Amino acid sequence: MKCFIHGNQEAVAVCKKCGKAMCASCSSYSGHSGLCPVCRKQEFELKRTRLNTEIESYKWPIIGYAALTILFCWTIIGGIYGGYKWYQCSQEKSAKQLEVCKLTAEINKLNKALSYRSTSSSI
Ligand SMILES: [Zn+2]
Ligand SMILES: [Zn+2]
(Lines give C-alpha, C1' and ligand atoms only; values in the text may rest on other atoms or scores of the structure.)
(Ligands and ions follow the chains in the order given, each with its own letter.)
Protein backbone atom coordinates (compact mmCIF):
# COMPACT_ATOMS: atom_id res chain seq x y z
CA MET A 1 0.00 0.00 0.00
CA LYS A 2 1.31 3.47 -0.96
CA CYS A 3 0.88 6.83 0.84
CA PHE A 4 -2.09 8.80 -0.54
CA ILE A 5 -0.02 12.00 -0.61
CA HIS A 6 3.40 10.62 -1.53
CA GLY A 7 2.52 8.02 -4.13
CA ASN A 8 6.07 6.64 -4.19
CA GLN A 9 6.31 6.06 -0.46
CA GLU A 10 5.28 2.88 1.27
CA ALA A 11 2.45 3.37 3.79
CA VAL A 12 3.16 2.64 7.45
CA ALA A 13 -0.19 3.61 8.98
CA VAL A 14 -3.84 4.23 8.19
CA CYS A 15 -5.69 7.42 9.21
CA LYS A 16 -8.11 6.83 12.07
CA LYS A 17 -10.61 9.21 10.54
CA CYS A 18 -10.59 8.89 6.77
CA GLY A 19 -8.92 5.49 6.55
CA LYS A 20 -6.34 6.59 4.00
CA ALA A 21 -2.84 5.11 4.00
CA MET A 22 0.06 7.35 4.95
CA CYS A 23 3.84 7.08 4.91
CA ALA A 24 6.28 7.58 7.78
CA SER A 25 6.88 11.28 6.99
CA CYS A 26 3.10 12.01 6.84
CA SER A 27 2.68 10.26 10.16
CA SER A 28 5.46 12.34 11.73
CA TYR A 29 4.01 15.55 10.22
CA SER A 30 0.78 14.75 12.05
CA GLY A 31 2.70 14.32 15.28
CA HIS A 32 2.04 10.55 15.18
CA SER A 33 -1.55 11.32 16.16
CA GLY A 34 -2.95 8.49 14.07
CA LEU A 35 -4.53 11.03 11.72
CA CYS A 36 -3.36 11.91 8.22
CA PRO A 37 -2.06 15.48 7.60
CA VAL A 38 -5.36 16.43 5.90
CA CYS A 39 -7.54 15.28 8.82
CA ARG A 40 -5.09 16.71 11.35
CA LYS A 41 -5.21 20.10 9.60
CA GLN A 42 -9.02 20.00 9.53
CA GLU A 43 -9.08 19.21 13.24
CA PHE A 44 -6.75 22.13 14.03
CA GLU A 45 -8.68 24.53 11.84
CA LEU A 46 -11.94 23.59 13.57
CA LYS A 47 -10.30 24.05 16.96
CA ARG A 48 -8.90 27.44 15.93
CA THR A 49 -12.31 28.63 14.69
CA ARG A 50 -13.95 27.52 17.94
CA LEU A 51 -11.28 29.29 20.02
CA ASN A 52 -11.66 32.47 17.98
CA THR A 53 -15.41 32.40 18.62
CA GLU A 54 -14.76 31.90 22.33
CA ILE A 55 -12.20 34.75 22.35
CA GLU A 56 -14.77 37.01 20.67
CA SER A 57 -17.36 36.13 23.34
CA TYR A 58 -15.03 37.43 26.10
CA LYS A 59 -15.15 40.94 24.69
CA TRP A 60 -18.27 42.23 26.50
CA PRO A 61 -17.70 40.50 29.85
CA ILE A 62 -14.16 41.96 29.95
CA ILE A 63 -15.45 45.48 29.22
CA GLY A 64 -18.29 45.02 31.72
CA TYR A 65 -16.12 43.74 34.55
CA ALA A 66 -13.49 46.42 33.89
CA ALA A 67 -16.22 49.08 34.14
CA LEU A 68 -17.51 47.49 37.34
CA THR A 69 -13.98 47.45 38.81
CA ILE A 70 -13.39 51.11 37.90
CA LEU A 71 -16.80 52.06 39.31
CA PHE A 72 -16.11 50.16 42.53
CA CYS A 73 -12.68 51.84 42.89
CA TRP A 74 -14.25 55.27 42.41
CA THR A 75 -16.93 54.43 44.99
CA ILE A 76 -14.20 53.64 47.53
CA ILE A 77 -12.17 56.73 46.62
CA GLY A 78 -15.36 58.83 46.77
CA GLY A 79 -16.25 57.33 50.16
CA ILE A 80 -12.82 58.06 51.66
CA TYR A 81 -12.65 61.58 50.19
CA GLY A 82 -16.26 62.34 51.14
CA GLY A 83 -15.73 61.11 54.70
CA TYR A 84 -12.58 63.18 55.08
CA LYS A 85 -14.21 66.35 53.71
CA TRP A 86 -17.30 65.79 55.87
CA TYR A 87 -15.11 65.59 59.00
CA GLN A 88 -13.10 68.64 57.91
CA CYS A 89 -16.24 70.70 57.23
CA SER A 90 -17.91 69.81 60.52
CA GLN A 91 -14.68 70.71 62.38
CA GLU A 92 -14.54 74.08 60.62
CA LYS A 93 -18.25 74.66 61.26
CA SER A 94 -18.01 74.08 65.02
CA ALA A 95 -14.86 76.25 65.21
CA LYS A 96 -16.69 79.07 63.47
CA GLN A 97 -19.79 78.58 65.64
CA LEU A 98 -17.58 78.97 68.71
CA GLU A 99 -16.15 82.18 67.26
CA VAL A 100 -19.69 83.48 66.64
CA CYS A 101 -20.59 82.77 70.27
CA LYS A 102 -17.50 84.67 71.47
CA LEU A 103 -18.27 87.60 69.16
CA THR A 104 -21.90 87.67 70.35
CA ALA A 105 -20.70 87.82 73.96
CA GLU A 106 -18.27 90.65 73.09
CA ILE A 107 -21.00 92.55 71.20
CA ASN A 108 -23.42 92.15 74.11
CA LYS A 109 -20.76 93.49 76.45
CA LEU A 110 -20.16 96.50 74.19
CA ASN A 111 -23.91 97.05 73.80
CA LYS A 112 -24.20 97.23 77.56
CA ALA A 113 -21.42 99.83 77.71
CA LEU A 114 -22.98 101.84 74.89
CA SER A 115 -26.47 101.71 76.41
CA TYR A 116 -24.97 102.96 79.68
CA ARG A 117 -23.41 105.93 77.86
CA SER A 118 -26.66 106.85 76.10
CA THR A 119 -28.76 106.61 79.25
CA SER A 120 -26.20 108.56 81.35
CA SER A 121 -25.84 111.29 78.76
CA SER A 122 -29.61 111.73 78.53
CA ILE A 123 -29.87 112.40 82.25
ZN1 LIG B 1 -7.36 11.36 7.36
ZN1 LIG C 1 3.14 10.63 2.84
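Remember, it's 1-based here, ligands and their atoms both numbered in the order they're listed. No experiment lies behind these values; they were computed from the predicted model shown.
Residues Glu43 and Lys47 are not in side-chain contact: their nearest non-hydrogen atoms beyond the backbone lie 4.5 Å or more apart. His6 has its side chain out of reach of Met22: every pair of non-hydrogen atoms, C-beta onward, lies at least 4.5 Å apart.
Each protein N/O/S atom under 2.8 Å from the Zn ion (ligand 2) was counted, for a total of 4.
The pair Lys96-Glu99 fails the salt-bridge criterion, with no side-chain N (NZ, NE, NH1 or NH2) lying under 4.0 Å from an Asp/Glu carboxylate O.
Between SG of Cys15 and SG of Cys18, the angle at the Zn ion (ligand 1) works out to 100°, rounded to 10 degrees.
For residues 56-85, no pair satisfies salt bridge (Lys or Arg N to Asp or Glu O under 4.0 Å), with sequence neighbours left out.
In terms of hydrophobic clustering, with Ile, Leu, Val, Met, Phe, Trp and Tyr side chains grouped at heavy-atom distances under 4.5 Å, Ile70 and Ile77 are assigned to a common cluster. Transitive grouping of hydrophobic side chains (ILVMFWY, heavy atoms separated by less than 4.5 Å) keeps Ile76 and Tyr84 in distinct clusters.
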